[in-house]
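The structure appears right after this line, and notes come after that.
Letters A, B, ... mirror the listed sequences (proteins, then strands); counts begin at 1.
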Amino acid sequence: MELVLIALLGGGLALDATSVGQFMLSRPLVTGALTGWMLGDPALGLMIGTVLELYLLVSFPSGGARFPEATTATVVAVATASVSTAPGAIPLAIAIGLAWGQVGGFSITALRKVNGFIVPEAADPNAGASRVAAAHLGAIVLDFLRGVLITGVGVAIGRLVVARLAVAWPLGEREGFALMLAGAAVSVGILLHDLGGFRERRVLFVAGLALGIVGVRLL
Amino acid sequence: MSALSRRAMTSTFLRAFLVQGSWNYHTMLGTGFAFAILPGLKQIFDDDPESMDTSVRRHLDHFNAHPYLANVALGAALRLEADGTDAQTVRRFKTAVRGPLGGLGDSLIWAAWLPTVSMTALALWWIGLPGWVVVAGFLALYNAGHLALRVWGFRAGLQSGRDVARSLREARLSQLGSRIQSVASLLVGVLTGAVLAGQGGLSEAGLPWLILAIGCFVAGLLVGHRVWRPTAIAIVCAITLIAAWGVLP
């Protein structure tokens, strides 16, 4: 029953990424917190959501872009980590989330190809209001079902992997977390690159760096 | 304009939230655009179902734009239809605006507003604010900008019709995007500082992790998006190998 509820949550939140609204409920930060809250551990959800948000800072739900699917990846990662308290559970869940995000991305591309067959053509003389509405809403339902399927399968596989491997994780909790953060630093670098590069933005970046270091020391 | 009721306009505006629902590689937002404009067309062509279907088919053509700024085109197209503008002009107008609305929206929202709000939330979480405050603040701040842009875009389109380009110019959205990007650059620094120096941060984990993080950061800074996937694959492989190492007898 829990797996079904998680899959439905994944399907519902995945709709927000492109099909419905784009209110950013689908961002890892929010999705992680919601999934953790649903599973009774919001702190775990938020922690995983934060790490995945860092990784996916540069993955935008831009219409035509091919991107890893952040939403189902986050739901899968949180639901996977929640089955074990071993120190390896979180790094493994993040790895599963990152890998599953690619699978989610492929499924979006496949769905968009399918959508191309179900939407009516402008040249079709039978394409009227009701047909347009039916095709459009049908595509949204398909996206929901895709999200449910991707989440459900991902959680089932992820939980098996974590149950088998997490207990034997040889590193400490701190090292595992440091490994995840170190990898996420690439996205922060890419973001600064997109914002004009270090040369262009160095004054603001260095000022922010100082502010961040002083801020965490003071608070 | 008088032909359009508040109900039809509201319904069209609300349907715009679903404009990407049937996104496909053939017409992109085309079907979503036709779906969203339907309530307005139904009212305009109330007593002429044949003309309405013809108009619906016209809007099924290929169309693409940033989903929030698609509201500008939607409002303007609705205005043109209400004014009885000929089909060719409506089609030409949509073709002319789709590129600018895509580029402007991408640079303003995906490359500026979303990362800025995300980094604000991440930095606040790292500094130690309660999680629910961070999540609620993220959603409230992001959607304040998001909804304001949607409402402004739809109104600008409805009011200006074919002259909506002037409203876009006067709004100085690209300059606004550039200013937001400056804030984002500052926040990249704040977040980096917080992750380096904060409790449980990289400085506490030891030098090897710090060097690895700096290497990843520099790679991202120099190479850009091309390095994201290889890094993600490397991290997944590293975690898998470490886990496998633990299982080995």
Side-chain angles (χ1 to χ4, degrees), chain A residues 18-24 29-30 33 46 50 53 57-58 60 62-63 88 91-92 95 98-99 112 115-116 119 122 127-129 132-133 136 139-140 165 168-171 174 178 181-183 185-186 188-195 198 201 204-205 207-209 211-213 215-216 219, chain B residues 17-18 20-26 31 34-35 38 53 56-57 60-61 67 106 110-111 115 118 121 125 127-128 131 135 138 142-143 181-182 184-190 192-194 197-198 202 205 209 212-213 216-217 219-221 224-225 227-228 231-232 235-236 239 243 245-247:
Chain A
T18 47
S19 293
V20 180
Q22 292 194 308
F23 295 102
M24 298 303 129
L29 185 70
V30 183
L46 199 65
T50 303
E53 182 73 46
L57 265 176
V58 290
F60 311 128
S62 168
L92 278 167
L98 284 173
R112 287 171 170 184
N115 283 347
V119 295
V132 168
H136 188 70
I140 294 174
L165 297 179
W169 180 257
L171 297 182
R174 180 179 288 179
L181 284 181
V186 77
V188 182
I190 294 170
L191 196 56
L192 195 58
H193 175 272
D194 287 354
L195 293 168
F198 185 74
R201 301 286 187 183
L204 286 164
F205 174 75
L209 189 69
L211 209 63
I213 292 171
V216 288
L219 293 169
Chain B
F17 284 96
L18 308 180
Q20 291 199 123
S22 55
W23 206 102
N24 62 85
Y25 295 108
H26 184 47
T31 316
F35 172 80
L38 270 177
D53 280 349
V56 170
R57 283 195 289 277
L60 281 172
D61 275 341
D106 284 352
W110 302 147
S118 284
W125 182 78
I127 283 168
V135 172
F138 168 81
Y142 179 83
N143 285 307
Q181 285 190 338
S182 295
S185 305
L186 184 82
L187 287 166
V188 172
V190 172
T192 307
L202 281 166
W209 303 107
L212 182 62
C216 287
F217 175 78
L221 186 60
H225 280 263
V227 83
W228 189 90
T231 309
I235 291 293
V236 170
I239 291 172
W245 181 262
V247 175

query: chain B: which of A:Ala139, A:Ala122, A:Ala207 shares the most heavy-atom pairs with it under 4.5 Å?
result: A:Ala122

- request: Working to the nearest 0.5 Å, report the span between CG of A:Leu211 and OG1 of B:Thr192.
  value: 12.0 Å

task: Pick whichever of A:Leu165, A:Val119, A:Leu171, A:Leu57 has the most heavy-atom pairs under 4.5 Å with chain B.
output: A:Val119

query: Quick one: does B:Phe217's side chain get under 4.5 Å of A:Leu192's, heavy atoms only?
result: yes

task: Measure B:Ile239 against the heavy atoms of chain A and call it side chain, backbone, both or neither at under 4.5 Å.
output: both

query: What are the two closest non-hydrogen atoms of A:Val58 and B:His225, and how far apart are they?
result: O-CE1, 3.4 Å

field: Taking every non-hydrogen atom, the tightest pair across A:Leu191 and B:Pro115
entry: CD1-CB, 3.8 Å

Taking every non-hydrogen atom, the tightest pair across A:Leu204 and B:Ser182: CD1-O, 3.5 Å

- prompt: Rounded to the nearest 0.5 Å, how far apart are CZ of B:Phe138 and CG of A:Leu29?
  reply: 6.0 Å

query: Of all heavy-atom pairs between B:Leu202 and A:Ala182, which one has the smallest distance, and what is that distance?
result: CD2-N, 4.4 Å

statement: Turns out that what part of B:Trp125 lies under 4.5 Å from chain A's heavy atoms comes down to side chain

- prompt: Applying the side chain to side chain contact (heavy atoms under 4.5 Å, CB included) test to A:Phe205, which of B:Leu221, B:Val190, B:Val188 qualifies?
  reply: B:Val188

- prompt: For chain B, which of A:Val216, A:Val30, A:Ile190 has the most heavy-atom pairs under 4.5 Å?
  reply: A:Ile190

- prompt: Does any heavy atom of chain A fall under 4.5 Å from the side chain of B:Phe35, the backbone, both, or neither of them?
  reply: both

- prompt: Of all heavy-atom pairs between A:Asn115 and B:Ser22, which one has the smallest distance, and what is that distance?
  reply: ND2-C, 3.7 Å

- prompt: Considering only heavy atoms, which portion of B:Leu38 lies under 4.5 Å from any heavy atom of chain A: side chain, backbone, both, or neither?
  reply: side chain

task: Name the region of B:Ala111, side chain, backbone, both or neither, that has any atom closer than 4.5 Å to a heavy atom of chain A.
output: backbone

- request: Taking all non-hydrogen atoms of both residues into account, name the closest pair between A:Ala178 and B:Ala205 and its distance.
  value: CB-CB, 3.4 Å

field: Top contributor to chain A interface from B:Asn24, B:Thr231, B:Leu187 [non-hydrogen pairs under 4.5 Å]
entry: B:Asn24

query: In Å, rounded to the nearest 0.5 Å, how long is the span from CD1 of B:Ile235 to CG of A:Leu98?
result: 8.5 Å

message: Heavy-atom cut-off 4.5 Å, strictly under: side chain, backbone, both or neither for B:Ser185 against chain A?
response: both

field: Residue selection (most heavy-atom pairs with chain B, distance under 4.5 Å) from A:Arg201, A:Arg174, A:His136
entry: A:His136

query: For the candidates A:Gly88, A:Ala99, A:Gly116, A:Ala127, which exhibits the highest count of non-hydrogen atom pairs separated by less than 4.5 Å from chain B?
result: A:Ala127

field: B:Leu186 CG to A:Leu195 CG distance, which is reported to the nearest 0.5 Å
entry: 11.5 Å

- request: Heavy-atom pairs under 4.5 Å with chain A are the metric here; pick the option from B:Val236, B:Leu212, B:Val227, B:Val56 that has the most.
  value: B:Val236

field: Contacting moiety of B:Asp61, where chain A heavy atoms sit under 4.5 Å
entry: both

query: So what's closer than 4.5 Å to chain B heavy atoms on A:Ala133: side chain, backbone, both or neither?
result: both

